[in-house]
Amino acid sequence: MARILRETLLQVREISLTWGPFIVVGIAALVGAYFLLNPTPPKRVVLATGPEVGAYAAFGARYAEELKRFGIQVVLRPTNGSRENIRLLHDAKEDVHLAFVQGGANESQRVQEEASKGVPVVSLGSLFFEPYWLFYRAEKAKSLRREATLLQIPELRGWKVNAGARGSGAIGLTNRVLAANLMDREDIERSNLEDTD
């Protein structure tokens, strides 16, 4: 029995001497990689939302509240809208990590050219479908068309239309809606008023 115990201890000693350094180096490499690469999520992020009175600002506040429960501080940064948010995400000098962007807001040629020069951006996903609202004054329609109701987008030819604030995604979406209805940008008299105006 003593002989078996002695041989077993010798084998354990030989295995320890042979594999021990590899195990120690492997554990040290894993611990070092963990601290150097810092794989944990950040504890502070900046979220570009949109106009302070808009829905994206309200969503941002809700996200900040929810993430606070997990120890993540969300700093909300109001902007003019989607196009500005895209620009901030692509600019490495800006301290913006996340942003709300309307679908289709980054499809203009100019936005894509600017984006190709900056930091690559990855989309996390879609939150919801967002309707494209068109409001008009019935009395204005009646004075221009003799009817108070518009039935098609081309009936806006010659009208003064607010396409959204500069930097918002609404401008690009308006251009796409006009193009889908075989209209040019010059077919309407554009203005770019802020949301509250």
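- Within the model, atoms CD1 of I72 and CD of E66 stand 10.5 Å from one another, a figure rounded to the nearest 0.5 Å.
- When all heavy atoms of A57 and P51 are compared, the pair lying nearest together is CB-O, 3.4 Å.
- In this structure, R44 pairs ionically with D95, as a charged nitrogen and a carboxylate oxygen lie closer than 4.0 Å.
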Test log, rule side-chain contact (heavy atoms from CB on, under 4.5 Å), inputs I188 and L178: CA-CA 9 Å; I188 59 172; L178 291 175; 3.8 Å; yes
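- Proximity of a side-chain donor or acceptor of D91 to a complementary backbone N or O of R87 within less than 3.5 Å is not detected.
- Cluster membership for Y34 and V31, using ILVMFWY side-chain heavy atoms within less than 4.5 angstrom, is shared.
- We find the CZ-CG distance between R77 and L98 to be 13.0 Å, quoted to the nearest 0.5 Å.
- In the model, N175 has a side-chain atom that pairs as donor or acceptor with a side-chain atom of R190 under 3.5 Å.
- To the nearest 0.5 Å, atom CD of residue E14 and atom CH2 of residue W19 are 14.5 Å apart.
- Around OH of Y63, the count of heavy atoms belonging to other residues, nucleotides or ligands within 6.0 Å does not exceed 12.
- The OG1 atom of T49 sits 7.0 Å away from atom CG of N85, with the distance rounded to the nearest 0.5 Å.
- Nearest approach of S191 to K160, heavy atoms of both residues: CB-CE, 4.4 Å.
- Put simply, the side chain of E84 gets close to the backbone of N80: a donor and an acceptor are under 3.5 Å apart.
- Counting heavy atoms from C-beta outward, T149 and L151 have side chains that approach closer than 4.5 Å.
- Using the six-membered ring where Trp is involved, F135 and W133 have ring planes that are parallel, under 30° apart on the 30 and 60° scheme.
- In terms of hydrophobic clustering, with Ile, Leu, Val, Met, Phe, Trp and Tyr side chains grouped at heavy-atom distances under 4.5 Å, I27 and I15 are assigned to a common cluster.
- In this structure, the side chains of P154 and M183 come closer than 4.5 Å at one or more pairs of heavy atoms.
- Between the side chain of Y136 and the backbone N or O of L150, at least one donor-acceptor pair lies under 3.5 Å.
- For L89, the side chain to side chain contact (heavy atoms under 4.5 Å, CB included) criterion is met by V96, A99, V121, not counting sequence neighbours.
- In this structure, L134 and I153 have side chains that are in contact, with non-hydrogen atoms separated by less than 4.5 Å.
- With rounding to the nearest 0.5 angstrom, the OG1 atom of T79 is 10.5 Å from the OH atom of Y56.
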Decide yes or no on side-chain contact (heavy atoms from CB on, under 4.5 Å) for L88 and V46, but give the supporting numbers first. CA-CA 11 Å; L88 292 172; V46 177; over 6 Å; no
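- Enclosure of atom CZ in R157 by more than 12 non-hydrogen atoms of other residues, nucleotides or ligands within 6.0 angstrom is indicated.
- If you take CG on L47 and CG on L76, they are separated by 5.5 Å, rounding to the nearest 0.5 Å.
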